[in-house]
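Every heavy atom of this structure was used, including side-chain atoms; hydrogens, water molecules and symmetry mates were not.
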Amino acid sequence: MIGKTIIVLATLLQLIVAIQSEGLIRALSELSAFLLVVSLLIMSRAKRQSEGSENQAYRY
């Protein structure tokens, strides 16, 4: 939970920097914000899959 919050805040910070910057700084901020969102999605998928496998184990 705290990890997701930190990633969301970092993403917002990177977007703010990207809005206020130009050139290479802006491009790197946008790239890091995109990568943070991807990592957030991977974390949520991994959690869903682990919860699903635990539920399947209890069925048998």
Side-chain angles (χ1 to χ4, degrees):
M1 180 79 170
I2 293 175
K4 287 182 181 181
T5 305
I6 290 172
I7 291 176
V8 168
L9 290 175
T11 303
L12 291 174
L13 180 64
Q14 292 298 329
L15 291 174
I16 290 170
V17 169
I19 289 170
Q20 296 178 352
S21 301
E22 292 181 5
L24 181 63
I25 302 284
R26 180 177 186 154
L28 292 175
S29 296
E30 290 173 352
L31 176 63
S32 63
F34 173 75
L35 293 175
L36 286 167
V37 169
V38 169
S39 67
L40 189 63
L41 291 174
I42 290 172
M43 285 175 51
S44 66
R45 282 189 180 180
K47 183 178 178 184
R48 283 186 198 156
Q49 287 178 353
S50 67
E51 288 175 355
S53 64
E54 288 175 4
N55 290 339
Q56 289 178 354
Y58 290 126
R59 289 183 191 168
Y60 296 113

- prompt: Are there more than 12 heavy atoms of other residues, nucleotides or ligands under 6.0 Å from atom NZ of Lys4?
  reply: yes
- prompt: How about Gln20 and Ile16: do any of their side-chain heavy atoms sit closer than 4.5 Å?
  reply: yes
Check: Leu41 main-chain N/O paired with Ser44 side-chain donor or acceptor under 3.5 Å: yes
message: Would a single hydrophobic cluster contain both Leu40 and Leu12, if residues Ile, Leu, Val, Met, Phe, Trp and Tyr are joined by side-chain heavy-atom contacts under 4.5 Å?
response: yes
- line: Exactly one candidate in Leu13, Ile7, Leu9 meets side chain to side chain contact (heavy atoms under 4.5 Å, CB included) with Thr11; the answer is Ile7
Name every donor-acceptor pair, under 3.5 Å, that has one atom in a side chain of residues 27-36 and the other anywhere in the protein, sequence neighbours excluded.
from: Ser29; atom 1: OG; to: Ile25; atom 2: O; distance (Å): 2.9
from: Glu30; atom 1: OE2; to: Arg26; atom 2: NE; distance (Å): 3.1
from: Ser32; atom 1: OG; to: Gln14; atom 2: OE1; distance (Å): 3.0
from: Ser32; atom 1: OG; to: Leu28; atom 2: O; distance (Å): 3.2
from: Ser32; atom 1: OG; to: Ser29; atom 2: O; distance (Å): 3.0

